[in-house]
Amino acid sequence: MENLGILTALFSLFSSSTSLHPSSLTNLQNYCLDDQRSALLQLQHHLYYAPNFTFSSKLDLLDPNTHCCSWKGVTCDALGHIIGIDLSYQNLSGSFHSIFNLHHLQRLNLAGNNFNTTLFQYGFGKLPNLTHLDLSASCFHDQIPVGILYLTRNDQSSASLKLEKPNFKTLIKKMRSLRELYLDGVNISSQSSECVISMSNCDLNGHFPVEFFLLPKMQRIDISDNSRLMGQLLEFPINNTLEVLSLQYTNFSGKLPESISNLKLLRVLTLSKLSLNFNSISGSIPPSIANLSNLVELDLSGNNFNGLISPFHRSGVPNLAYLDLSRNRLSGSIPSSLFTLSTLQTLSLGYNSFSDYQLKLDMFFQLNNLRFLDPSNMSLLVGSQNKILIFPRLEGLALRSCNLTEFPEFIKSQNKLTSLYLSNNRIHGLVPNWLWKSTLIWVDLSSNMIDIPNQIAFDDAISSFPMLRWLRLQSCNISTFPAFLKIQESLEDLDLSNNKISGAVPNWVWKKSLQSLNLSNNSLTSLDQFSSNQDSLRAPICNLSQLQSFDASFNKLSGSIPSCLGNISTLSFLYLQQNNFSGSIPDFGGATQLYALKLKDNKLEGKLPRSLANCTMLYAVNLGNNTLHDTFPLWLGKLPGLMVLILRANRFYGPIKHLENNFPTLDVLDIASNNFSGQLSIEFFQATHKLSSLKINGNNLEGKLPRSLANCKKLEVLDLGKNMIHDTFPYWLVKLPLLKVLILRSNRFYGSIKFFEDGNAFPMLHILDLASNNFSGEVSVDFFQSLRGMMVIDGNKAKPSYVGDNYYYKDSMTIVNRGFEIFYQKILTLFTCLDLSNNKFHGRILEEVQHLKSLHVLNLSYNGLFGPIPSALGSLTELDLTFLALLNLSYNQLDGRIPESNQFGTFSNDSYIGNPRLCGVPLTRKCNEVGSKMLPLKEDEDLWIDGLSVWKVVLMGYGWGLVIGFSIGYTVLNEFGNKWTASFIQNWNQKRRRSK
């Protein structure tokens, strides 16, 4: 195989920037153990300098008169074990057998040397703790030894090093814990002429090198199920040998090139995506794709393809058996030639924008080999003459969102039907008996107003009733558990969510075969029909030994959480949020496969069970809004995959301590509204540098803001509000490239806001809240120029995006309308806010504020600003009733006439109150009147300042036809600020009544 350097890009794409370099090793001044010292001295004895592959001099890096942990390139742990050796780029040669006596070794870097030997003689299997190995450019040759296959990270490179036995495929399969692999310059070619890359579901990330698509002998590329792997397709050369190209569930984008027609041997092309969160392949589908004569499977679903479907003819694709074009933006008519492809076994066209108002069922009749049909989201006309229409091989039928008003009777005639999906129609009434065909295994009737009998009305035919494995009845308006569940002993997946079922769960619902059970959004009060003691190990739920996912969220369940849930070894997802569970959290020592745990909004108390540390698969933990009383769970930091940790609104206390290498993958940390105290740790933010959302507001933290926060380059949301942090403005945060939300409200920040001239300051910041601090001085030109993210108007208003749109966590917003709270679970990225209220700013409002073109909210109240209101504020077009329109200049020393423009005329007196020298509309004070002295604060004005200045907001028909008047509360990001907001509104209303 030529062009071997391509492999560098492939495998470095999913490595982090933690390559082993001398600068990354810290020389600990510990006393090393005698056996460790002895091994190093032997190593020095057998190595020598060989810059030209010939002996030059003995190695003298190690000084026998000093502690070996202080020797250059040597790292020890606290017990004196050697855990790191870096001898890179020393032109060394000789033998390094003695290294394999250092059994605690974790990092070994021998890169850039002249060993000129094989690796077979070395015992890499004797280093069980080795996680980082770099052998690149050290002149090793011949075969990679099998012992390396079980290392976590391998850095191997040499022009003459080969990978044949085991071959590349075996290497990848054996490295089950692979995190990073470097094979720079390694010859991985095999004796076979076939070239295959198969790396499905390897959690690859970064950019896939396009050069792989050009390799002349490449026959198969399967990199599917790597959702973070990005890339683009390029032009394919003539006579390309590719037969299989599978990119499904990756993050590829761009267009499908016309040169796809050059893949004459292509049998399988899958580009499908899971959801709209992925980048998509866009543009039109190349017409030439319909002439790939060897094509058997074509899956382009879930992308952004648009335009017409090119005609598919039997002569062009005589072998096409699988065609999925669903969930795109395809338009026009469906070509009739598509219905002549007699070889088709799967046809899925749903969720597009076809102009065909109605599809007739008999159009599909020619497809005699059809096994699965999906025309979802298209109006389907069955026709009375087609009630006995038979598809002889049909096994799966999906008619979701087809505007059906009754169950299609042609289903009666489908004797091989195993899966039936009729969700999101307008079907109502009783489910007919004939629907329950004995062959059915998967059934989805969700989002229909159907009625299921309370009793089994077909006792004589009970033997022919289907033994279902998968049943979805969510949002069906049912009020009781369907009686036919009593006989479903093979049921694996049951969804009864979002119905009106109340009371206790009947014991016959708890089938031992169940793997997934969703009972959320009902009115259930108990999980045990006959006992209120849900903690009993004899509770019926304890019999579900195969349970993988259980969701009983948003019910009225009370008592303790069944302790047996913590002993189900298969359990991966447990969602019990927003109930009335009390007591302590169960011990999860037996649930070692637990992936996501959501227990928020209950009445749980006590400490966190330390057994959670054994759940090494944990990805997300949400325990917010309970009464848990514990210290910061530092012990969770060793979980290798924990990305979401939410402890907000509990009673956690004490300092936030830190240990090295804690929380290596943490993405979201929300510990707001607790009783944490002390100073923020510099080391903590060095370790959690991958954070994208950090909320620690509403605690008792003090001291300075750690500068190590600047290392969190992925940070999007930073909320430090309502603490006691005493520092100057953190101008050093301006370099964070993704920061969108910064809240420093209600702390003890002080001084002027200074910026060093930098054209890249705050490139994406659109919410900045500095209210209720001790900032002073003038609001400078540099300050306004630094807010780059507020200067660009988002033109994509038809398709809004959100901040922190994570499946397990969403940054939230609470707004208040005339005393009523409205909670939004997402924050639009186009919402732009600048709040400098309740500080000690003085000087004039500068004309440069006009550059903040996307600004929706501007609050400068309770400062010492003077002079006229600049007319330039009128140029802020986003304040011109196109979205949230807010201007609060109250309680300053402004004077002169309020500018006359459409914007200023929309605000009430409250926007200007406390400025006695202002005049003009909307104030009643005319400009020929003499202003009086500044009004003093009322006695209860502190409540106003400590809480929030009222923001009068107008929302006028932004894209969704809304015309509502809003007042927006401080709890923009606070999901649990309801009680505070209600108290604040009550105080404000009392203040207004007393002032009249």
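Side chains are part of it too, since the values below use all heavy atoms of this structure and drop only hydrogens, waters and symmetry mates.
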K.L.:
Do Lys695 and Asp719 meet the salt-bridge criterion of a basic N to acidic O distance under 4.0 Å?
P.N.:
no

K.L.:
So do Val857 and Leu855 actually touch side chain to side chain, heavy atoms under 4.5 Å?
P.N.:
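Sidechains of Val857 and Leu855: no contact.
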
K.L.:
Is it true that Asp667 and Lys690 make a salt bridge, defined as a side-chain N closer than 4.0 Å to a carboxylate O?
P.N.:
no

K.L.:
Can you sort out the partners of Thr631 under side chain to side chain contact (heavy atoms under 4.5 Å, CB included), two or more places apart, ordered by chain and number?
P.N.:
Arg610, Tyr653

K.L.:
How close do Pro640 and Pro664 get, counting heavy atoms only, and between which atoms?
P.N.:
O-CG, 4.4 Å

K.L.:
Do we see a donor-acceptor contact under 3.5 Å between the side chains of Ser553 and Gln578?
P.N.:
no

K.L.:
Between Asn863 (side chain only) and Leu836 (backbone N and O only), is there a donor and an acceptor less than 3.5 Å apart?
P.N.:
yes

K.L.:
Is a side-chain donor-acceptor pair under 3.5 Å present for Asn650 with Asn626?
P.N.:
no

K.L.:
Tell me whether Lys607 at atom NZ has more than 12 heavy atoms from other residues, nucleotides or ligands lying less than 6.0 Å away.
P.N.:
yes

K.L.:
Just wondering, do Tyr750 and Asn773 contact through their side chains at under 4.5 Å, heavy atoms?
P.N.:
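SC-SC contact between Asn773 and Tyr750 ruled out.
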
K.L.:
Check whether any side-chain heavy atom of Phe550 lies under 4.5 Å from a side-chain heavy atom of Ile541, and answer yes or no.
P.N.:
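Yes, at least one pair of side-chain atoms sits under 4.5 Å.
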
K.L.:
Give a yes-or-no answer on whether the side chains of Ser772 and Asn838 include a donor-acceptor pair shorter than 3.5 Å.
P.N.:
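Yes, a side-chain donor-acceptor pair sits under 3.5 Å.
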
K.L.:
Determine, stepwise, if the pair Leu666 / Val668 fulfils side chain to side chain contact (heavy atoms under 4.5 Å, CB included).
P.N.:
CA-CA 6 Å; Leu666 197 62; Val668 173; over 6 Å; no

K.L.:
Is there a side-chain contact between Leu628 and Leu608 (heavy atoms, below 4.5 Å)?
P.N.:
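SC-SC contact between Leu628 and Leu608 confirmed.
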
K.L.:
Can you find a heavy atom in the side chain of Leu709 that is under 4.5 Å from one in the side chain of Leu718?
P.N.:
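Yes, side chains in contact.
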
K.L.:
Please find the pair of heavy atoms, one from Pro562 and one from Leu527, that lie closest to each other, and give the distance.
P.N.:
CG-CD1, 4.1 Å

K.L.:
If you count the non-hydrogen atoms of other residues, nucleotides and ligands that lie under 6.0 Å from NZ in Lys603, is the total more than 12?
P.N.:
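It does not: Lys603 NZ has 12 such atoms or fewer within range.
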
K.L.:
Specify whether Phe676 and Phe652 have parallel, tilted or perpendicular ring planes, treating 30° as the upper limit for parallel and 60° as the lower limit for perpendicular.
P.N.:
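Phe676 and Phe652: parallel rings.
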
K.L.:
Can you name the side chain to side chain contact (heavy atoms under 4.5 Å, CB included) partners of Ser497, sequence neighbours left out?
P.N.:
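Side chain to side chain contact (heavy atoms under 4.5 Å, CB included) list for Ser497, sorted by chain: Gln474, Asp495, Asn518, Ser520.
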
K.L.:
Report the C-alpha separation of Phe729 and Phe749 in whole Å, then their side-chain angles, then the decisive distance to 0.1 Å, and conclude whether the ring pair (Phe, Tyr, Trp, His ring centres under 6.0 Å) test is met.
P.N.:
CA-CA 7 Å; Phe729 181 78; Phe749 287 95; 7.9 Å; no

K.L.:
Verify, without hydrogens or angle tests, whether Asn662 (side chain) and Leu634 (backbone) share a donor-acceptor contact under 3.5 angstrom.
P.N.:
yes

